[in-house]
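Below is one structure; the comments refer to it alone.
All heavy atoms count here, side chains included; hydrogens, waters and symmetry mates do not.
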Amino acid sequence: MVVFTCAVAAAAKSDEPSFSRLDRLRILADVWGNVQLFHPAVVMGWVDWEQALVEAIPPVEAAATPQAFVAALDRHLLAKLGDPFTRARIDSAQPEEDDAPPIPMEGRMLTPDVGVITMPDPRTMENPDFLGELGKLAASLQKARILLLDLRWQRPLESYDYGPGPLVAFFLKVPIRESPLVSRSYQGWAPATVTPSYLTPWKVRPGASIVPISSNWTARRRYPGTDFKGLPKIEASVVFLLNNRSASFLNRSLDGLERTGQASVIWQRTGTSGAWSAVELTYPHGIRFQLHTEFALGGNGRLGLQVNDVADDPLAGEELIRRVRTAAKRGHRTVAASGRPFDFQVHIPPRRTAAATLSRGQRLLGLFKMWTVIGRFFPNLEYASADWPSVLDQWIPRVENVQTVFQYYDVLRQLAALLNDSHVRVYHRTLLPGWFVPRFDLRRVEGKVIVTALHEEAPPELRAGDEVVALDGTDVEEVDRYWRKRISASTEGRRQLDIWSTWAVMGKHGTELRITVRRGTKRLDVIAHRARSLGTAQAPEHEGGPVLRLAGGLGYIDLTRIASSHALELALRKLHDAPGLVLDLRGYPRFGLSDELTGRLTDRPTRSPRRERPMIDGLFPLYTGWDSEQHMVKPVPGEQYERPVVVLIDARTLSSAEDTCIYLTDTGRVTFVGSTTAGADGYVVSLMLPGGGTMPFTARRVTFADGRRFEGVGIVPDVEAHPSIAGIMAGRDEVLERGVGVLQKLISANQR
């Protein structure tokens with residue numbers, strides 16, 4: 001069993017004497033989240049785990065003592081899993097120490113036809129003469145038509161060295177194979193194109209073979225003094241009686257035994273479990289939570305121990321005899337073996353639809369889900385502005401106190417903004433009045449909000465270079481303060497771009513936006529209409545086609561407007577004789593051009609960025625690692641462009657565009673001109689939230705080829721260049737101009 005102290009414990013004050021409401025909700029969030037990620041019931045259709053949390057919050061939250069809390073947690077939440085191995089408990093003040101010798105096995109006739117061998121203490125298997133004693137007891141009961149092996153252990157098994165093999169092998173007539181074990185594991189979070197958390201691989205551990213005792217070499221090695229030839233053959237119908245302790249240890253072997261029809265099993269689901277496949281989480285106030293993460297796959301294609309009979313209360317007397325006889329009379333459970341590794345069906349709940357209202361429980365559900373998934377799978381958490389394990393204390397009251405769905409999602413996006421990643425967003429229809437912007441562009445230039453470009457049918461009163469001082473009567477600095485709390489951004493440049501190109505001006509199609517501009521000493525109010533669909537990124541300020549000849553024969557390619565590999569190949573061939581090349585990456589490319597472009601700009605193998613995604617083994621949630629991927633790009637034979645290359649960049653250079661820049665950095669062939677890029681790379685996945693909301697976030701950590709940090713750093717230009725207000729008023733692309741000047745110097749230097 002793996003035991004570790006979860007993040008909730010670290011977040012709580014060690015000297016806190018009380019057991020507050022927030023304490024209870026923190027622990028509830030962590031317990032629920034770990035089950036959500038690692039228990040198969042969530043994806044097997046056994047339980048609607050999200051609804052289970054909503055229903056469990058009031059009674060669990062109301063439990064004022066640790067003892068009452070554990071009872072409420074088990075009754076109102078964990079019991080819905082149908083898994084007696086996943087339970088909570090309170091540590092005793094002083095751990096029990098049992099130095100007493102093992103309780104011996106006993107054999108007797110219960111009735112003229114039913115004999116029983118009781119084995120209340122698993123330590124008896126440590127006795128070197130264990131099999132010999134078992135054989136003597138079985139021989140003394142040969143008159144029994146039914147032999148009951150009572151394995152209701154009174155203490156947990158403490159050593160796996162004395163495993164189930166010899167015990168089960170004693171009753172075998174033909175070899176069996178234990179059931180395989182399956183658990184959930186993660187290779188990062190699921191992609192946004194599917195329902196998240198359900199596209200997770202299953203880790204499968206095949207079952208071992210167990211052969212009859214007469215030829216069982218494991219038993220011979222473990223009990224070398226046993227007279228194996230003298231062990232009796234069992235002719236009676238065998239019935240195993242388990243409790244939770246023995247079931248957690250013997251479930252794979254006995255499931256395999258039942259499949260071959262050599263025994264029946266009755267499971268009395270009482271007592272605690274000592275499951276070896278359980279993870280134990282510890283919390284303040286002595287609270288422990290045992291999470292059963294690895295399940296035997298029964299021969300009928302269902303997870304968990306599949307038995308002939310289940311009892312939820314202790315069995316004794318006539319009721320026990322009746323059940324034993326019924327199990328033997330009913331016959332053994334035989335199931336045809338499946339040819340597939342596992343045959344169960346994964347249940348994918350439907351996506352939650354948009355809701356007009358959200359209950360307090362649903363609001364907490366969304367927060368707990370966001371806290372759980374981001375805490376486990378967001379690869380750039382170390383760069384966040386929040387101590388993520390501790391955020392619940394502040395944000396639980398905030399989501400409880402809101403009144404509307406808009407207010408709720410506004411709180412969540414303020415929490416998301418603390419992650420400082422330009423791929424992170426929180427979306428809900430109440431937050432998004434529309435995806436349309438006016439027919440002009442705004443940007444921060446020289447510390448002011450400036451109209452940088454006018455598009456067709458822009459308000460005639462506006463001019464490029466106008467300073468905007470207010471939007472709908474609100475000062476731009478107040479607008480800035482409002483949105484910077486709600487926008488997650490990897491760099492300040494990208495945050496400013498997101499505010500003024502998108503969020504501050506976006507709305508429904510046709511709606512008005514009143515902008516107040518200052519031109520010299522005059523102020524002017526202008527009414528604009530939102531009529532331009534918001535694209536992935538703004539195009540660079542220049543006009544013309546994507547492939548141009550500049551003065552002096554220099555080549556220019558706008559990589560944001562090249563639509564395919566073939567178009568890129570044609571563009572480079574067209575400019576192959578150019579003395580220098582300007583590549584414009586001030587925006588988002590239309591296809592993944594990294595390998596295609598890199599292979600044509602270098603004559604040596606080039607390293608890709610290093611991409612890593614978090615890996616979590618569901619069997620050991622404490623153990624996490626990183627799946628790292630990096631490859632080499634080979635030169636394209638006969639297609640290399642060998643002359644100087646300048647790449648134009650700015651905050652519009654995001655994600656895929658930055659990925660290309662990282663490749664180009666490793667070539668050592670290009671000079672970057674402009675301003676720092678967005679600093680956010682790695683593909684995006686999505687988390688579904690209550691009421692139809694979504695939260696996209698970065699799924700992979702990306703670094704430079706040599707492992708240096710990229711997130712929040714971006715590509716820093718070799719030569720800085722920024723637009724100026726005067727240049728905008730004059731209609732100049734000053735970054736391009738600076739890039740051309742740098743390129744000309746590089747050409748001259750190469751010619752010396």
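When Ile146, Leu320, Leu147 are each tested for a side-chain contact (heavy atoms from CB on, under 4.5 Å) with Val114, only one passes: Ile146. Partner Gln154 forms a side-chain contact (heavy atoms from CB on, under 4.5 Å) with one of Ile103, Asp121, Asn243 and no other, that one being Ile103.
Residues that satisfy the side-chain contact (heavy atoms from CB on, under 4.5 Å) test with Arg220, not counting sequence neighbours, are Trp217, Phe228. Residues satisfying the ring pair (Phe, Tyr, Trp, His ring centres under 6.0 Å) criterion with Phe240, sequence neighbours excluded, are Phe171. Residues passing the salt bridge (charged side-chain N to carboxylate O under 4.0 Å, His left out) test with Arg323 are Asp309, Glu319, sequence neighbours excluded. Every residue meeting the salt bridge (charged side-chain N to carboxylate O under 4.0 Å, His left out) condition with Glu400, not counting sequence neighbours, appears here in chain and number order: Arg21, Arg360. Phe130 pairs by the ring pair (Phe, Tyr, Trp, His ring centres under 6.0 Å) definition with Tyr223, not counting sequence neighbours. Applying the side-chain contact (heavy atoms from CB on, under 4.5 Å) rule to Pro66 yields the partners Phe19, Ile90, His285, Ile287; only residues at least two apart in sequence or on another chain are considered.
Looking at heavy atoms from C-beta onward, Ile266 lies out of side-chain contact with Leu148 at the 4.5 angstrom threshold. You'll find the side chain of Glu61 reaches within 4.5 Å of the side chain of Leu25, heavy atoms only. No side-chain heavy atom of Leu22 sits under 4.5 Å from any side-chain heavy atom of Leu392. At least one side-chain heavy atom of Arg152 sits less than 4.5 Å from a side-chain heavy atom of Leu315. The shortest distance between side-chain heavy atoms of Phe170 and Ile234 falls below 4.5 Å. Counting heavy atoms from C-beta on, the side chains of Pro212 and Lys173 never come closer than 4.5 Å. Under the 4.5 Å side-chain criterion, counting only non-hydrogen atoms from C-beta, Arg376 is in contact with Ile616. Using a 4.5 Å cut-off on side-chain heavy atoms (C-beta onward), Lys369 and Trp32 make contact.
Formation of a donor-acceptor pair under 3.5 Å by the Trp153 side chain with backbone atoms of Arg123 is not found in this model. In terms of modelled atom types and a separation under 3.5 Å, the side chain of Ser246 and the main chain of Leu242 share no donor-acceptor contact. Distance alone, capped at 3.5 Å, places no donor-acceptor pair between the Ser253 side chain and the Val168 backbone. Side chain of Arg24 to backbone of Ala63: a donor-acceptor contact under 3.5 angstrom is found. Using modelled atom types, one side-chain atom of Trp371 and one backbone atom of Trp388 make a donor-acceptor pair closer than 3.5 Å. In this structure, the side chain of Tyr186 engages the main chain of Leu37 through a donor-acceptor pair within 3.5 Å. In terms of modelled atom types and a separation under 3.5 Å, the side chain of Ser264 and the main chain of Ala328 share no donor-acceptor contact. Within the 3.5 Å criterion, the main-chain N or O of Ser237 finds no donor-acceptor partner in the side chain of Arg145. Using modelled atom types, no side-chain atom of Asp74 and backbone atom of Ala71 make a donor-acceptor pair closer than 3.5 Å.
Side-chain N/O atoms of Asn244 and Trp267 include a donor and acceptor closer than 3.5 Å. For the residue pair Thr282 / Arg288, no side-chain donor-acceptor distance below 3.5 Å is found, with atom types taken as modelled.
Of the inter-residue distances, the one linking Asp150 atom CG with Met105 atom CE reads 12.5 Å to the nearest 0.5 angstrom. Once rounded to the nearest 0.5 Å, the distance linking CD of Gln362 with CD of Gln51 reads 7.0 Å. If you take CD1 on Ile117 and CD on Glu106, they are separated by 11.5 Å, rounding to the nearest 0.5 Å. To the nearest 0.5 Å, atom CG of residue Leu281 and atom CG of residue Asp30 are 6.0 Å apart. Leu151 CG to Met119 CE: the interatomic distance, rounded to the nearest 0.5 Å, is 6.5 Å. Atoms CD1 and CG, from Ile374 and Leu687 in turn, are 6.5 Å apart once rounded to the nearest 0.5 Å.
For the pair Arg26 and Asp23, the salt-bridge criterion is met [side-chain N within less than 4.0 Å of a carboxylate O]. Salt bridge present: Glu280 and Arg89 bring a charged side-chain N and a carboxylate O closer than 4.0 Å.
Minimum interatomic distance between Asp255 and Ser179 (heavy atoms only, all atoms of both residues): OD2-OG, 2.6 Å. For Ser183 against Asp617, the heavy-atom pair with the smallest separation is OG-OD1, 4.3 Å. The minimum heavy-atom distance linking Pro59 with Ala56 is given by the pair CD-O, 3.2 Å. Closest heavy-atom contact between Pro40 and Thr293: CD-O, 4.5 Å. Listed here is the closest heavy atom pair of Ile57 and Leu28: CG1-CD2, 3.9 Å. Nearest heavy-atom pair across Val35 and Val42 is O-CG2, 3.4 Å.
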Criterion side chain to side chain contact (heavy atoms under 4.5 Å, CB included) on Thr111 and Arg325, from CA distance to verdict: CA-CA 11 Å; Thr111 69; Arg325 285 176 173 164; 3.3 Å; yes
Worked check of side chain to side chain contact (heavy atoms under 4.5 Å, CB included) between Leu134 and Met125: CA-CA 10 Å; Leu134 183 61; Met125 291 190 294; over 6 Å; no
Candidate pair Leu172 and Gln262, rule side chain to side chain contact (heavy atoms under 4.5 Å, CB included), full reasoning: CA-CA 7 Å; Leu172 291 183; Gln262 299 180 65; 3.7 Å; yes
Audit row: Glu133, Thr124, side chain to side chain contact (heavy atoms under 4.5 Å, CB included) steps and yes/no: CA-CA 10 Å; Glu133 293 181 3; Thr124 58; over 6 Å; no
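Aromatic ring orientation, His39 versus Phe295: perpendicular (interplanar angle above 60°, classes split at 30° and 60°).
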